[in-house]
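To start, the structure itself, in structure tokens.
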Protein chains: 2
Amino acid sequence: MEPNPVIKGSLTTIILKLLEQNSRMYGYEMTRAVREVTKDRMDITEAALYPALHKLVDEGLLETTSEVVEGRIRKYYSLTKKGKKESLIKINALKEALESLNLILNSNLGNA
Amino acid sequence: MEPNPVIKGSLTTIILKLLEQNSRMYGYEMTRAVREVTKDRMDITEAALYPALHKLVDEGLLETTSEVVEGRIRKYYSLTKKGKKESLIKINALKEALESLNLILNSNLGNA
DNA sequence: ATTAATACCTAACAAAATTAGGCATTAAAA
DNA sequence: TTTTAATGCCTAATTTTGTTAGGTATTAAT
């Protein structure tokens, strides 16, 4: 079973959600966390992830600190004050959008 | 309250779902149906809808018949045989993706 | 010595929606 | 009666976002 790709537009919100619950994480760790909670049913690719992280830093929602752990660089990301506000908004917006989508996918639309 | 935009990538599946339950619909009608079931919380724009419909026709998933009703043209779309098969697959794939997303948005990710 | 896992990254491209319109008819409101 | 809202179709340019396809480097296991 190939994992589902990320639903377009949701990656940024996924990142914010992860950081809302963990205070700091590094990129590679995020990819593992998503695989773990979704039991390999969703995969966020690094090629999408890193540019998304950099964009969030540019927008002032994330800040970074780097560390060397076991000879390898880890770049930790965490929410800024602005990022904390925005994450609440975006997580909520996505949840609402998912509820609407579920309504469409699970309702009888017109032929009742 | 501005309606949520369609979650990117889901529009095609929404169309297939609508036609799975209605046998035939025209574009404008689809926009109203989505607004109705989601109580105006989701809006599918015509600028996204019509190109998506044309693409589905090109791919052989939809077929069309046109009618003039009250002086205005209506272009009805319905699922082809191939479209019926594909709609089941795509609707299911989207549902699975939504479940994964819900797992991410509603779980405790690491700080439990 | 090679492979897998960890850990970061970019560039070219494609997919999909948004923004910003256009055109035409009918019904309602000013 | 002229303007606006609703119905109904559509396209073009741009932007957003992810995919494909790599690259680099270290550590641990085979």
Side-chain angles (χ1 to χ4, degrees), chain A residues 2-16 18 24-36 40 42-59 61-62 64-77 90 93-94 97 100-101, chain B residues 2-16 18 24-36 40 42-59 61-62 64-77 90 93-94 97 100-101:
Chain A
E2 328 78 58
N4 302 113
V6 175
I7 291 180
K8 285 196 196 240
S10 63
L11 179 57
T12 291
T13 308
I14 289 171
I15 292 168
L16 296 175
L18 289 167
R24 63 181 221 148
M25 291 182 89
Y26 54 101
Y28 188 77
E29 187 183 12
M30 295 180 191
T31 69
R32 302 301 127 180
V34 167
R35 285 196 188 181
E36 197 187 330
D40 286 339
M42 185 181 287
D43 179 46
I44 65 174
T45 65
E46 295 181 36
L49 176 63
Y50 290 112
L53 286 170
H54 301 160
K55 194 185 174 201
L56 287 169
V57 171
D58 288 345
E59 292 169 351
L61 303 187
L62 302 186
T64 67
T65 55
S66 290
E67 279 179 33
V68 176
V69 179
E70 289 167 26
R72 278 187 286 261
I73 287 179
R74 281 186 191 172
K75 202 164 159 189
Y76 282 98
Y77 292 85
K90 290 203 173 165
L94 184 55
S100 293
L101 241 188
Chain B
E2 327 77 60
N4 302 112
V6 174
I7 291 181
K8 286 183 197 255
S10 63
L11 178 56
T12 291
T13 308
I14 290 172
I15 292 168
L16 296 174
L18 289 167
R24 63 180 222 152
M25 290 182 89
Y26 54 100
Y28 188 76
E29 186 183 12
M30 295 180 190
T31 69
R32 301 301 127 178
V34 167
R35 285 196 187 181
E36 197 187 328
D40 286 338
M42 184 180 287
D43 180 44
I44 65 174
T45 66
E46 295 180 37
L49 175 64
Y50 290 111
L53 286 169
H54 301 160
K55 194 184 176 203
L56 287 168
V57 171
D58 288 347
E59 292 169 352
L61 304 187
L62 302 186
T64 66
T65 54
S66 291
E67 280 179 33
V68 177
V69 178
E70 288 167 25
R72 278 186 285 261
I73 287 178
R74 281 185 191 170
K75 202 163 158 190
Y76 282 99
Y77 292 85
K90 291 204 171 162
L94 183 54
S100 293
L101 241 187

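Throughout, protein chains are lettered first and strands after them, A, B, ... in sequence-line order, and every chain is numbered starting at 1.
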For this session: Please work out if A:Arg72 contacts a base, only the sugar-phosphate, or nothing of the nucleic acid, heavy-atom cut-off 4.0 Å.
Result: base
Seminar exercise, completed: By nearest-heavy-atom nucleotide on DNA chain D, the more 5' of B:Arg74 and A:Ala52 is B:Arg74
Exercise. Hey, which of these two, B:Arg32 or B:Pro51, hits DNA chain D nearer its 5' end, going by closest nucleotide?
Worked result: B:Arg32
For this session: Quick one: list whatever passes side chain to side chain contact (heavy atoms under 4.5 Å, CB included) with A:Lys55, sequence neighbours left out.
Result: A:Glu59
For this session: With DNA chain C as reference, determine whether A:Val69 or A:Ala48 sits nearer its 5' end, using the nearest nucleotide of each.
Result: A:Val69
Exercise. Looking only at side-chain N and O atoms, does A:Lys75 come under 4.0 Å of OP1 or OP2 in C:dC9?
Worked result: yes
Exercise. What is the distance from atom CG of A:Leu53 to atom CG of A:Leu62, rounded to the nearest 0.5 Å?
Worked result: 6.5 Å
For this session: State whether A:Tyr26 and A:Arg24 meet the cation-pi test: NZ (Lys) or CZ (Arg) under 6.0 Å from the six-membered ring centroid, and within 45° of the perpendicular axis.
Result: no
Exercise. Quick one: is C:dC9 close enough that its OP1 or OP2 comes under 4.0 Å of any side-chain N or O from A:Tyr50?
Worked result: no
Exercise. How would you label the contact of A:Glu29 with the nucleic acid (heavy atoms, under 4.0 Å): base, sugar-phosphate, or nothing?
Worked result: nothing
Exercise. For C:dA7, does OP1 or OP2 lie under 4.0 Å from any side-chain N or O of A:Tyr26?
Worked result: yes
For this session: Indicate, with a heavy-atom threshold strictly under 4.0 Å, whether B:Thr45 touches base, sugar-phosphate, or nothing.
Result: sugar-phosphate
